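Written out below as structure tokens is the structure these notes cover.
Computation of the quantities below employed the complete heavy-atom set of this structure, encompassing side-chain atoms and omitting hydrogens, waters and symmetry-equivalent molecules. Within every chain, numbering begins at 1; the chains are lettered A, B, ... in the order of the sequence lines, protein sequences first and strands thereafter. Bear in mind the structure is a predicted one, so any value in this text is a computation, not a measurement.
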Amino acid sequence: MGVLPGHVATIAELKPGVLSVHEGNNVNKYFVSSGFAFIHANSYADIIAVEAVPVDQIDSAAVQKGLADFSQKLNTATTDLEKAEAQIGIDVHSALNAAITG
Amino acid sequence: MASNAAVPFWRAAGMTYITYSNICANLVRNCLKEPHKSEVISREKVHFAFSVWKEGKPLKPVTRSDSPQE
């Protein structure tokens with residue numbers, strides 16, 4: 001999803017992933033843990049997230065380990081809640097992985 | 001009538017959005033490089049006390065904390 005001036009006013013839910021901010025020729029990439037993007041009619045946009053980190057602060061080894069751990073947890077999960085937590089772990093770590101390798 | 005528009009898997013499992021969002025944030029915090037990780041790891045910590053009320057009076061307060069007791 002791309003937002004330029006004049007975008008229609010929107011509230012969008014964000015999945016864990018990369019947010020790129022373009023200022024002139026400068027691009028800053030942030031990894032957003034989850035949250036919302038509010039685009040206002042006057043072309044201001046607000047991003048609300050619990051955690052947003054520059055992509056270069058992400059530790060690749062921790063991501064790989066997390067991905068392996070949660071894939072393992074999904075196999076051993078019994079209750080719906082455990083399965084959901086394992087699935088969230090897999091989703092977030094896959095998105096982190098895509099962010100550092102993308 | 002079929003159920004409303006597909007619910008996310010975490011809501012189907014009984015989790016609220018705020019729980020989901022906090023779990024995602026914790027996972028991201030744990031995947032940071034040092035020194036950033038040590039700076040942010042304390043954001044997850046909570047410390048609070050609450051009392052159950054019975055017949056208009058509070059009972060003994062209960063303290064929940066992630067930080068070691070001082």
Given a strict heavy-atom distance threshold of 4.5 Å, which part of A/Val63 is in contact with chain B: side chain, backbone, both, or neither? both
Shortest non-hydrogen contact from B/Tyr17 to A/Gly35? OH-N, 3.3 Å
Given A/Glu85, A/Lys83, A/Gln57, the one with more heavy-atom pairs under 4.5 angstrom with chain B than any other is A/Gln57
Report yes or no: do A/Val27 and A/Val3 belong to one cluster of Ile/Leu/Val/Met/Phe/Trp/Tyr joined by side chain heavy-atom distances under 4.5 Å? no
Could you grab the distance from atom CG of A/Leu96 to atom CG of B/Leu32, nearest 0.5 Å is fine? 8.5 Å
What about A/Ile39 and A/Val32, same hydrophobic cluster or not, with Ile/Leu/Val/Met/Phe/Trp/Tyr joined at side-chain heavy-atom distances under 4.5 Å? no
Considering only heavy atoms from C-beta outward, does the side chain of A/Ile88 approach that of B/Met15 to under 4.5 Å? yes
Can you confirm whether more than 12 heavy atoms, excluding those of B/Phe50, are under 6.0 Å from its CZ atom? yes
Should B/Trp10 and A/Asp91 count as side-chain neighbours, where that means a heavy-atom distance under 4.5 Å? no
Non-hydrogen atoms of chain A under 4.5 Å away: do they reach the side chain of B/Asn30, the backbone, both or neither? backbone
When hydrophobic residues are tied together by side-chain contacts of less than 4.5 Å, even through go-betweens, does A/Val50 share a cluster with B/Val28? no
Taking every heavy atom of A/Asp56 against every heavy atom of B/Lys33, the minimum-distance pair comes out as O-NZ, 2.9 Å
Is atom CG of B/Leu59 surrounded by more than 12 heavy atoms (other residues, nucleotides or ligands) closer than 6.0 Å? yes
Less than 4.5 Å to any heavy atom of chain A: does that hold for the side chain of B/Ile23, its backbone, both, or neither? side chain
Verify the cluster assignment for B/Tyr20 and B/Ile18: are they in a single hydrophobic cluster under the rule of side-chain heavy atoms below 4.5 Å apart? no
One should read off an interatomic distance between A/Ile48 CD1 and B/Ser21 OG, to the nearest 0.5 angstrom, of 11.0 Å
Verify the cluster assignment for A/Val92 and A/Ile90: are they in a single hydrophobic cluster under the rule of side-chain heavy atoms below 4.5 Å apart? yes
Any donor-acceptor pair under 3.5 Å linking the side chain of A/Lys65 with the backbone of B/Cys31? no
Pair count under 4.5 Å, heavy atoms only, with chain A: among B/Ala13, B/Pro8, B/Ala12, highest is B/Ala13
